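Since the model is a prediction, treat every value here as computed from it, not as a measurement.
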Amino acid sequence: MDSEQSPHHFLAQLAGDWAGKAKLWLEPDVLADESPVRGSIQLILDGRFAIFMYQGSVEGELQLGMFTFGYNTQLDRYEASWVDTFHNN
């Protein structure tokens, strides 16, 4: 696989500032909340991982989060974890 098709090259392409819309469902087919979300993706640990620091809101209350992701070369798959204030309040 050439370096421009490598999983780490893909992570590098995601780096930068992002904005979008977050939607929250607490039960099937019932949209509980929809709000703008903004964040920034930065490469860390020599480009092996990326971290997405973001903020949005749920029912008008500020929510902050951190999402880390990278590529597991032994299992040949992307893996991720996150923490946020919505799940830890």
Seminar exercise, completed: Interatomic distance, CG@L14 vs CD1@I41, rounded to 0.5 Å, equals 5.0 Å
Problem set entry | Closest heavy-atom pair and its distance - A50, I44 | N-CG1, 4.3 Å
Exercise. CG/L64 to CD/Q55 distance, rounded to the nearest 0.5 angstrom?
Worked result: 6.0 Å
For this session: With rounding to the nearest 0.5 Å, note down the distance linking CD in Q42 to CZ in F49.
Result: 15.5 Å
Using distance only, find each side-chain donor-acceptor pair of residues 23-39 under 3.5 Å and give its atom names and separation, not counting sequence neighbours.
{"from": "D33", "atom 1": "OD1", "to": "E59", "atom 2": "N", "distance (Å)": "3.2"}
{"from": "E34", "atom 1": "OE2", "to": "K21", "atom 2": "NZ", "distance (Å)": "3.2"}
{"from": "S35", "atom 1": "OG", "to": "S57", "atom 2": "O", "distance (Å)": "2.7"}

Problem set entry | Test salt bridge (charged side-chain N to carboxylate O under 4.0 Å, His left out) applied to D46 - qualifying residues, sequence neighbours left out | R48
Exercise. Q63 side chain to F86 main-chain N or O, any donor-acceptor pair under 3.5 Å?
Worked result: yes
Problem set entry | 4.5 Å side-chain heavy-atom contact, D84 and Y54 | yes
Exercise. Same hydrophobic cluster for W82 and F52, using side-chain heavy-atom links shorter than 4.5 Å among ILVMFWY?
Worked result: yes
Exercise. Do V83 and L62 sit in the same hydrophobic cluster, where Ile, Leu, Val, Met, Phe, Trp and Tyr count as joined when their side-chain heavy atoms come under 4.5 Å apart?
Worked result: no
With a 3.5 Å cut-off and sequence neighbours excluded, list the donor-acceptor pairs that the side chains of residues 72-81 form with protein atoms.
{"from": "N72", "atom 1": "OD1", "to": "Q74", "atom 2": "N", "distance (Å)": "2.9"}
{"from": "N72", "atom 1": "OD1", "to": "L75", "atom 2": "N", "distance (Å)": "2.9"}
{"from": "N72", "atom 1": "ND2", "to": "E79", "atom 2": "OE1", "distance (Å)": "3.3"}
{"from": "N72", "atom 1": "ND2", "to": "E79", "atom 2": "OE2", "distance (Å)": "3.3"}
{"from": "D76", "atom 1": "OD1", "to": "Y71", "atom 2": "OH", "distance (Å)": "2.1"}
{"from": "R77", "atom 1": "NE", "to": "E79", "atom 2": "OE2", "distance (Å)": "2.9"}
{"from": "R77", "atom 1": "NH2", "to": "E79", "atom 2": "OE2", "distance (Å)": "3.0"}
{"from": "S81", "atom 1": "OG", "to": "T68", "atom 2": "OG1", "distance (Å)": "2.9"}

Problem set entry | Distance, nearest 0.5 Å, that separates OG1 of T85 from CD of E61 | 7.5 Å
Problem set entry | Hphob cluster co-occupancy, W18 + F69, side-chain heavy atoms under 4.5 angstrom | yes
